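Structure in structure tokens, see below.
Along the sequence shown, the residues carry numbers beginning at 1. Source: prediction; values computed, not measured. The basis for the numbers below is simple: all heavy atoms, side chains too, and nothing from hydrogens, waters or symmetry mates.
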Amino acid sequence: LCAPPAVPSARVVRLPLPNQSIVTRALAKSTNRNSQVRFRASTHSAMLCGRLIGRRCVVFDDAAEGGNETVTRLLIALRCEHRVVGRLAGAPPPGPGRSQNDVRSLPLVLSLHEAALAVRLGALRVRLASGECACTCGALWRAVRPTPRERAVRCAYEALWRRGFWVSGGGKFGADFLAYRGDPLLYHAAIMVAVVVRGAGAGAVVTAQQLVARARLGVSVNKTLVYACVSLRDGDGGDDGDDGDEQQDAVSFVSVDWFDRREPR
């Protein structure tokens, strides 16, 4: 196994009793511009083809020419080489010896930010509702017309991905992401990430109640709560699909830790 990536640099806020002033100071942290992993194009000649359904990209078993073997090989590359996890939503057909695997578990459901990353890496193209194929992030992003929240979520996702983390959805824990130091099949998620949007008309609001609730949940499930604070640039985000460096610079991280008042600081 490869050495685990370093935890993203973040300001640690030690809270005796969360209040709005502490949250405000925490969100005022300066932007972090460090990145460890650069984008590299896929080395495979074939490419998966997904279909845009609503706000999701769905990859079916006919996603590539060459049959099931090609689809399986590309799915393994998408996960192991590019660290795009997604969610396998299929079920194996009934019958003896029908175990779940990469093909029988299809379709693979990708969120918008996962699909955008896979397209940027050259591992996926997306068939739009109009019948056209989006082969670049800019084309996909213009087609879906993302909201400020979706733009911020994508910025945070790519910031974690650049730092070497495997990232999956965190809805079961009331967060946007779970960050793993390796494949989620082998590692425990040490970090739960909540995205906070700043700028572009979206005020950053984190109430004391939300902060306490998420921090207590993180303690109970043995995870560190991290806020990803995203400052959006002006514009609708329709043309920023391929300039991930600027999006990366707009993300900063704030982690939350508890301490005992009786302990020396």
Side-chain angles (χ1 to χ4, degrees), residues 1-10 32 34-44 46-50 56-59 63-64 70-89 101-103 105-126 136-137 140-141 150 152-173 175-195 223-224 226 228 230 241-245 247-248 251 253:
L1 297 178
C2 298
V7 176
S9 56
N32 188 305
N34 295 329
S35 61
Q36 298 177 356
V37 180
R38 308 302 298 178
F39 291 98
R40 295 181 180 177
S42 175
T43 57
H44 297 270
M47 184 184 303
L48 289 170
C49 181
R56 296 285 187 272
C57 177
V58 184
V59 180
T70 302
V71 173
T72 300
R73 176 170 55 86
L74 294 177
L75 286 175
I76 292 175
L78 184 66
R79 183 183 183 100
C80 298
E81 296 181 15
H82 304 307
R83 290 180 284 113
V84 177
V85 179
R87 179 173 60 87
L88 289 168
N101 60 27
D102 293 318
V103 174
S105 302
L106 293 173
L108 173 68
V109 181
L110 301 174
S111 60
L112 281 180
H113 48 271
E114 289 174 324
L117 176 61
V119 168
R120 185 176 184 184
L121 294 171
L124 176 73
R125 64 178 184 271
V126 180
T136 64
C137 284
L140 175 61
W141 226 228
E150 288 171 337
V153 167
R154 183 195 168 197
C155 288
Y157 174 80
E158 291 191 356
L160 291 167
W161 183 90
R162 282 173 176 266
R163 286 163 171 78
F165 284 93
W166 297 62
V167 186
S168 68
K172 291 189 292 186
F173 296 94
D176 293 286
F177 303 121
L178 296 179
Y180 302 78
R181 290 185 171 87
D183 193 308
L185 294 176
L186 303 175
Y187 285 80
H188 168 77
I191 301 172
M192 52 186 289
V193 183
V195 178
K223 302 183 192 308
T224 300
V226 173
V230 182
D242 298 311
D243 57 356
D245 293 334
Q247 292 190 16
Q248 170 72 11
V251 184
F253 295 96

Nearest heavy-atom neighbours spanning Arg120 and Cys137: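 Smallest heavy-atom distance, with atoms named: CB-SG, 3.3 Å.
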Does any part of the side chain of Val195, heavy atoms only, come nearer than 4.5 Å to the side chain of Tyr157, both counted from C-beta?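 Of all side-chain heavy-atom pairs linking Val195 with Tyr157, none is under 4.5 Å.
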So which heavy atom on Val59 is nearest to which on Gly50, and how close?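 Distance-wise, the nearest heavy atoms are CG2-CA, 4.2 Å.
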Got Leu108 and Val58 here, is their nearest side-chain heavy-atom distance under 4.5 Å?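 No, every pair of side-chain atoms sits at 4.5 Å or beyond.
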Student check: side-chain heavy atoms of Leu110 and Leu124 closer than 4.5 Å: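 Contact flag for Leu110/Leu124 side chains = yes.
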Identify, with sequence neighbours excluded, every residue that meets side-chain contact (heavy atoms from CB on, under 4.5 Å) alongside Ala189.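 Partners of Ala189 under the side-chain contact (heavy atoms from CB on, under 4.5 Å) test: Leu178, Tyr180, Lys223.
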Between Arg83 and Trp161, is NZ or CZ placed under 6.0 angstrom from the six-membered ring centre and within 45° of the ring axis?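 Relative to the ring axis of Trp161, which defines the angle, Arg83 lies inside both limits.
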For Ser111, side chain to side chain donor-acceptor pair (under 3.5 Å) partners two or more places apart: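 For Ser111 the side chain to side chain donor-acceptor pair (under 3.5 Å) partners, ignoring immediate neighbours, are His113, Glu114.
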To the nearest 0.5 Å, tell me how far Cys49 SG sits from Leu74 CG.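 Separation between the atoms: 11.5 Å.
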Residues which pass side chain to side chain donor-acceptor pair (under 3.5 Å) with Arg56, listed by chain and number, not counting sequence neighbours: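 Here no residue qualifies.
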Measure from NZ or CZ of Arg154 to the centre of the six-membered ring of Trp141 and say whether it is under 6.0 Å with the direction within 45° of the ring axis.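 Yes, cation above the ring, under 6.0 Å and within 45°.
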Which pair of heavy atoms, one from Val230 and one from Cys155, lies closest together, and at what distance?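 In terms of heavy atoms, the two residues are closest at CG1-CB, 3.8 Å.
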Just wondering, do Ile76 and Leu78 contact through their side chains at under 4.5 Å, heavy atoms?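 Contact flag for Leu78/Ile76 side chains = no.
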Where the side chain of Asp176 meets the backbone of Ala194, is there a donor-acceptor pair that is under 3.5 Å apart?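 Side chain of Asp176 to backbone of Ala194, a donor-acceptor pair under 3.5 Å: no, none is there.
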pair Phe177-Ile191: side-chain heavy atoms closer than 4.5 Å: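 Side chain of Phe177 against side chain of Ile191, heavy atoms only: no contact under 4.5 Å found.
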Sub-4.5 Å side-chain heavy-atom contact between Glu158 and Val251: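 No. Closest side-chain heavy atoms not under 4.5 Å.
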CA sep, side-chain torsions, deciding dist, call: Val119, Leu121, side chain to side chain contact (heavy atoms under 4.5 Å, CB included): CA-CA 5 Å; Val119 168; Leu121 294 171; over 6 Å; no
Taking every non-hydrogen atom, the tightest pair across Arg181 and Trp166: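 Result for this residue pair: C-CD1, 4.3 Å.
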Does any N or O in the side chain of Arg163 come within less than 3.5 Å of the main-chain N or O of Ala159, such that one atom is a donor and the other an acceptor?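 Confirmed, Arg163 side chain pairs with Ala159 backbone.
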